[in-house]
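Heads up, the thing below is written out as structure tokens.
Counting convention: from 1, in listed order, for ligands and their atoms alike.
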Amino acid sequence: MELSKAALFRDLPSVDAVLKSGVAAALLERFGRVAATDAIRAVLAETRATLKAGGAAIPTTERLVTSAFARLAGHDRSTLRPLFNLTGTVLHTNLGRALVAEAAIEAAIEAMRDPVSLEFDLSNGKRGERDDHIRDLLCELTGAEDATVVNNNAAAVLLALNTLAGGREAIVSRGELIEIGGAFRMPDIMSRAGAKLVEVGTTNRTHAKDYRGALNSETGVILKVHTSNYRIMGFTKDVSASELAEIANVAQVPLMNDLGSGSLIDLSPFGLQREPTVREAVAEGAGIVTFSGDKLLGGPQAGFIVGKSELIAAINRNPMKRALRVDKIRLAAIEATLKLYRDPDRLPERLPTLRLLARKRTEIETQAQRILPSVQSAVGSGFTVSVCECRSQIGSGALPLDTIESAGLAIRSTSGGLALERLAAAFRDLARPVIGRLEDGALILDLRCLTDETAFLSVLANLNLDTPA
Ligand SMILES: *Cc1c(COP(=O)(O)O)cnc(C)c1O
């Protein structure tokens with residue numbers, strides 16, 4: 001027995017021999033000498049362990065190379081993978097929020113490929129400013145005196161608070177001390193910004209006199225926060241931004257309004273609830289308004305700060321600004337996205353987020369009926385597939401109670417819930433993963449965000465229900 005094992009090991013080719021064999025050529029070509037050598041070494045070590053344990057016969061050189069190839073291809077696959085978002089949440093934070101417009105993609109590619117006038121004034125050959133590329137556009141679209149942009153809205157809030165209220169007090173209603181998720185909690189941001197939080201009012205009711213009573217010589221800012229992901233209903237009272245602006249004005253302190261998602265246009269023509277636009281928030285008298293780039297605006301991740309000139313100038317002088325700035329790639333995409341807003345009528349054709357949000361239920365239902373037979377045949381007889389009505393969410397805390405009527409496919413197991421979990425896992429294991437949502441004993445595929453039906457069907461043809469969950 002021992003002797004035959006030793007003999008087996010002797011028959012195993014060396015790393016060098018495998019590499020020099022003709023069959024390893026493709027492996028070397030695709031992954032390079034270093035990675036190919038490591039992979040073959042690892043495969044040989046595994047094989048020796050299997051042989052030692054008494055398993056299997058000596059594999060052929062082809063077999064060894066195939067294993068090494070599979071190993072490297074697995075490592076090579078990106079972990080940040082494109083997928084089908086059929087969750088029904090259009091701006092899904094975990095799935096990357098807004099899909100940007102083609103114009104923004106092209107602008108970003110150009111900025112990556114070639115040198116750009118990032119901080120260079122082409123008119124006089126002198127140093128320019130990063131913000132120059134978006135300042136005028138943002139002012140034009142919001143009516144603000146000045147504007148700047150940082151990494152995301154969390155950064156915008158942090159930077160603005162630090163500038164306006166660092167070492168001083170910031171007054172906020174108890175009804176607006178929000179947690180957005182992903183560790184964005186207003187009180188924590190406040191303390192990291194070095195501002196002392198002064199809470200006023202109660203959870204459900206805050207009055208003008210509450211704000212007035214909290215004002216003193218230490219007040220740095222009055223902060224209004226959009227309660228993005230929840231609503232307080234019933235016996236409630238809050239103070240409008242315009243009333244707060246008056247209070248702030250009398251006290252000679254700035255009002256800052258964090259809109260969260262914010263929107264540059266009225267979205268009600270697209271069937272969404274009417275929300276104040278950024279322009280309106282500026283007109284209401286806020287000194288600073290902050291909002292996100294990748295929520296309803298439909299651009300890349302960014303945080304916009306617009307408002308009064310002297311406040312924006314102070315923000316730009318804050319050394320923190322440098323740590324929170326955006327790079328040329330995103331700046332190019334932001335500029336291109338904002339430019340689309342100059343022609344609001346054509347936004348739904350050009351801005352994927354808006355296009356998806358505006359899709360009509362009837363159109364989605366027709367699509368569901370069309371693809372049902374293919375989905376049924378892919379999942380097999382262990383499941384039943386039917387067209388269902390459902391409601392999509394906007395997501396990212398934008399319009400939390402506003403859902404849009406949609407349609408999709410409901411997949412039910414004929415043999416219990418475990419099979420459904422396995423089906424969801426198999427969908428995730430596809431070359432381009434399909435992400436639905438498990439709800440009421442069914443796997444729901446909300447088709448609102450299914451734009452590339454052909455790609456979906458071709459990927460689905462490889463659904464493998466034998467993959468371990
Ligand atoms: C989403 C949100 C933020 C954070 O914005 P990001 O762009 O995700 O950093 C801040 N404030 C409010 C009210 C929000 O809704």
Check ligand 1 against [X] and write out every atom of the ligand that is under 4.0 Å from a heavy-atom position of the residue.
| X | value |
| --- | --- |
| His226 | 13 (C) |
| Ser292 | 5 (O), 6 (P), 7 (O) |
| Arg97 | 6 (P), 7 (O), 8 (O) |
| Ala154 | 4 (C), 5 (O), 6 (P), 9 (O) |
| Phe184 | 10 (C), 11 (N) |

Next item on the list: Determine yes or no for a side-chain-to-main-chain donor-acceptor pair under 3.5 angstrom, with Ser263 supplying the side chain and Ile265 the backbone.
Entry: yes
Taking atom types as modelled, is there a side-chain donor on [X] or [Y] under 3.5 Å from an acceptor on the other?
| X | Y | result |
| --- | --- | --- |
| Arg330 | Asn151 | yes |
| Ser309 | Asp146 | no |
| Asn153 | Asp258 | yes |
| Lys321 | Asn316 | yes |

Tell me: protein heavy atom nearest [atom], and distance?
| atom | result |
| --- | --- |
| atom 11 (N) of ligand 1 | Asp258 OD2, 2.7 Å |
| atom 13 (C) of ligand 1 | Ser228 OG, 3.1 Å |
| atom 10 (C) of ligand 1 | Asn153 ND2, 3.2 Å |
| atom 1 (C) of ligand 1 | Lys295 NZ, 1.4 Å |

Next item on the list: Identify whether the distance between the nearest side-chain nitrogen and carboxylate oxygen of Asp210 and Arg205 falls below 4.0 Å.
Entry: no
Notebook entry, point to check: Is there a nitrogen or oxygen of Ile178 sitting under 3.5 Å from a nitrogen or oxygen of ligand 1?
Noted result: no
Check: How far does CG of Leu264 sit from CG of Leu338, to the nearest 0.5 angstrom?
Finding: 6.5 Å
